[in-house]
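Chain naming here is simple, since letters A, B, ... match the order of the sequence lines and numbering starts at 1 in each.
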2 protein chains.
Amino acid sequence: MTQTLFDVLRILDEAGIGHPVPGEVISERLGITRTAVWKYVNLLREIGYRIDAQPKTGYSLEKRSWLLLPYEVKRYLKTQVIGQEMHHFEQVPSTDALARQLLHEVGDEVAPGTVLVAEQQTGGIGRMNRVWMSPEGGIWATIVLMPKLNVDQTFTIMMAGSLALARAIRQEFGLSALIKWPNDVFIGDKKVAGMTIELTADDDILRYCLVGVGIDVNVSVEKTMPNISNLVTSISDELGHEVERAEFFARFLKEFERRYNMVLKGETEPLFREWRSLSCTLHRRVRIRTVRESFDGEAIDIDEHGALIVHRDGGEVERVIAGDCFML
Amino acid sequence: MTQTLFDVLRILDEAGIGHPVPGEVISERLGITRTAVWKYVNLLREIGYRIDAQPKTGYSLEKRSWLLLPYEVKRYLKTQVIGQEMHHFEQVPSTDALARQLLHEVGDEVAPGTVLVAEQQTGGIGRMNRVWMSPEGGIWATIVLMPKLNVDQTFTIMMAGSLALARAIRQEFGLSALIKWPNDVFIGDKKVAGMTIELTADDDILRYCLVGVGIDVNVSVEKTMPNISNLVTSISDELGHEVERAEFFARFLKEFERRYNMVLKGETEPLFREWRSLSCTLHRRVRIRTVRESFDGEAIDIDEHGALIVHRDGGEVERVIAGDCFML
């Protein structure tokens with residue numbers, strides 16, 4: 001959404017839903033022709049706003065867009081930094097790839113906390129380079145961070161993300177979201193959201209950190225990914241109806257910022273406590289599959305680097321740094 | 001194209017093709033963030049501009065868009081009124097329908113001479129409500145006029161249009177375009193451009209006049225309308241290569257404005273003379289088909305209302321007001 005388009009929308013919005021604003025008023029306030037106002041109104045209609053036009057009384061906003069437009073998210077956004085700069089895309093290969101291109105072209109001048117969000121990804125990638133289905137209705141976003149932290153803090157950033165996801169889902173929709181090690185968000189035994197994290201570091205110090213988030217919000221799993229419908233769910237499938245994405249996303253960003261600030265200040269202990277309380281992995285029998293081997297045991301805890309501590313059946317206590325974890 | 005997008009393009013353009021402008025410079029001049037600059041550059045790329053990005057030196061415009069964007073047309077436009085306000089659309093049902101919607105919503109505040117232009121029409125309508133194929137590469141446009149003229153001047157406005165089309169094609173591409181009565185432009189025995197005219201009148205005085213223009217410029221007739229390739233041609237088919245549309249369209253608008261001003265001043269005699277000199281219908285044996293009948297004869301002249309005067313084989317001299325005319 002470009003500046004003038006946003007200005008036209010703001011004028012209609014300030015008048016209130018259903019209250020017409022004469023085209024001349026918009027034209028004068030923005031210093032554009034009446035035909036330009038008409039063109040912008042048509043562009044707003046194209047991105048999902050319902051705007052009525054009465055030759056006598058003017059244009060009235062009747063219904064908001066269903067798109068996850070920064071303008072809509074910002075109506076609810078209460079953060080200081082995260083998402084204050086936000087850019088929306090219709091269909092992109094992946095928001096992570098876009099963020100890499102952004103950093104390549106703009107570098108250090110990218111505002112920390114910039115969020116790129118897309119309606120649809122054609123080449124979404126999940127953890128361990130797996131294909132991540134990203135149909136319309138979900139939230140596919142990347143948060144660009146420049147934390148002055150050591151690379152060994154990566155897990156705590158990820159933890160801030162998955163906690164924020166689980167909390168936002170619980171608060172906004174009343175669903176019992178839990179975290180499956182390392183960073184997936186589950187409702188019951190099905191995944192509803194996931195995260196990736198991508199780093200650039202100078203020596204040990206993080207330079208950029210891209211937090212990729214994928215949330216199946218208004219997604220019919222049966223329709224869009226029938227072959228994995230036993231593993232995946234969505235907010236709308238759980239609730240039986242579609243929900244407002246903008247308010248939820250704003251809440252997630254707020255929840256994330258609060259915890260990310262704790263990470264920056266080194267106050268990570270409360271995050272570990274919260275993680276343990278929202279984990280669906282701990283104190284459960286699990287099957288661990290790493291590149292080397294596969295074994296069963298009981299998940300006991302995580303350590304400060306995010307490794308899962310597993311009491312192997314009839315054996316030792318092991319640290320699992322990377323791998324898949326199946327609940328038995 | 002919205003204002004800020006246009007501003008970014010203008011800054012790159014002023015630097016010159018291949019000359020980079022640092023992102024910071026654009027950012028400061030427009031009062032937008034560096035990431036917003038990046039987003040606008042990406043939007044410009046999406047609408048066909050090739051823009052290189054070097055982290056050290058900045059963004060450079062390398063190649064202009066192939067779209068018929070107002071910004072590109074205006075680089076060549078030498079009119080006073082026609083096309084000074086111009087709006088571009090990607091794909092629309094028809095620019096005439098858009099213009100009607102514009103007039104309905106904006107009314108008398110539409111600037112006279114406003115031009116709506118589209119890359120593609122999905123429901124283009126030609127003369128006598130016939131389907132008008134409007135593929136990419138052509139020029140599909142509507143000019144909104146508010147002439148204070150009597151409705152009986154409609155034909156002279158149409159004449160101004162078809163003359164401007166034929167002249168612009170001749171001047172720009174050196175092709176022998178002629179006018180087939182009433183208002184089609186032909187090269188040899190194939191149609192290359194057509195016009196429609198749509199009126200609103202209060203009593204006898206024209207209120208609005210929508211001049212619809214369709215020109216097959218960069219269109220492969222064989223590929224896009226193979227079933228009528230014996231009747232239709234295009235500029236690129238005639239020349240064997242694609243051409244620059246923006247400069248040609250600017251020239252057409254200039255040629256049209258000059259003749260339209262003559263119509264407004266009542267100086268129509270020179271237009272009739274020019275029309276006669278560029279007609280491929282006059283002094284030819286023709287077959288006339290009207291709703292009532294069909295007959296052969298020789299086309300002798302047109303009268304001041306645009307009716308074709310035909311000397312019917314072995315009979316009278318007839319005035320044909322509306323109908324199809326086939327050259328024998």
Side-chain angles (χ1 to χ4, degrees), chain A residues 1-8 20 22-24 26-28 30-46 51-59 70 84-92 98-99 101-116 144, chain B residues 1-8 20 22-24 26-28 30-46 51-59 70 84-92 98-99 101-116 144:
Chain A
M1 190 183 292
T2 61
Q3 191 55 44
T4 328
L5 197 64
F6 165 87
D7 290 338
V8 173
E24 305 89 274
I26 306 175
S27 155
E28 276 166 32
L30 300 179
I32 59 179
T33 66
R34 280 288 285 111
T35 303
V37 172
W38 166 80
K39 171 96 195 254
Y40 284 118
V41 165
N42 274 3
L43 286 173
L44 287 170
R45 286 167 173 156
E46 270 177 35
I51 297 170
D52 282 1
Q54 297 295 336
K56 299 248 165 89
T57 53
Y59 297 106
Q84 285 302 314
E85 176 143 10
M86 194 182 305
H87 296 274
H88 175 267
F89 302 82
E90 289 280 335
Q91 196 191 57
V92 297
L98 264 191
Q101 191 216 358
L102 170 66
L103 288 170
H104 175 72
E105 294 194 5
V106 178
D108 291 335
E109 287 173 84
V110 175
T114 293
V115 170
L116 308 182
V144 181
Chain B
M1 189 182 294
T2 61
Q3 192 54 46
T4 329
L5 196 64
F6 165 87
D7 291 337
V8 172
E24 305 89 274
I26 306 174
S27 154
E28 276 165 31
L30 299 179
I32 58 179
T33 66
R34 280 288 286 111
T35 302
V37 172
W38 166 82
K39 171 95 195 254
Y40 284 117
V41 165
N42 274 4
L43 286 172
L44 287 169
R45 286 167 174 158
E46 270 177 37
I51 296 170
D52 282 1
Q54 297 296 335
K56 299 247 165 90
T57 53
Y59 297 106
Q84 286 301 315
E85 176 143 10
M86 193 181 306
H87 295 274
H88 175 267
F89 302 82
E90 290 280 333
Q91 196 191 58
V92 297
L98 263 191
Q101 191 217 357
L102 170 67
L103 288 171
H104 174 72
E105 293 194 4
V106 178
D108 291 335
E109 287 173 84
V110 174
T114 293
V115 170
L116 308 182
V144 181

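Heavy-atom minimum distance, Leu98(A) versus Trp38(B): O-CZ2, 3.5 Å.
In this structure, no portion of Ile32(B) lies under 4.5 Å from any heavy atom of chain A. In this structure, no portion of Gln54(A) lies under 4.5 Å from any heavy atom of chain B.
A salt bridge is defined here as a Lys NZ or Arg NE, NH1 or NH2 lying under 4.0 Å from an Asp or Glu carboxylate O, and Lys56(B) with Glu105(A) fails to meet this definition.
With chain B as the partner, the residue from Val37(A), Val41(A), Asn42(A) showing the most heavy-atom pairs under 4.5 Å is Asn42(A). The candidate from Leu116(A), Leu102(A), Val144(A) with the greatest count of non-hydrogen atom pairs under 4.5 Å with chain B is Leu102(A). If you tally non-hydrogen atom pairs under 4.5 Å between each of Pro55(A), Ala53(A), Gly23(A), Ser27(A) and chain B, the highest count goes to Pro55(A).
In this structure a side-chain-to-backbone donor-acceptor pair under 3.5 Å is present from Lys39(B) to His88(A).
The side-chain heavy atoms of Phe89(A) and Leu43(B), taken from C-beta on, include no pair separated by under 4.5 Å.
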Just distance, no hydrogens or angles: give the donor-acceptor pairs under 3.5 Å from side chains in residues 106-114 of chain B, sequence neighbours left out.
| from | atom 1 | to | atom 2 | distance (Å) |
| --- | --- | --- | --- | --- |
| Asp108(B) | OD1 | Tyr208(B) | OH | 2.9 |
| Thr114(B) | OG1 | Ala111(B) | O | 2.5 |

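Inspection of the Gln3(B) and Thr4(A) side chains reveals no N or O donor paired with an N or O acceptor under 3.5 Å.
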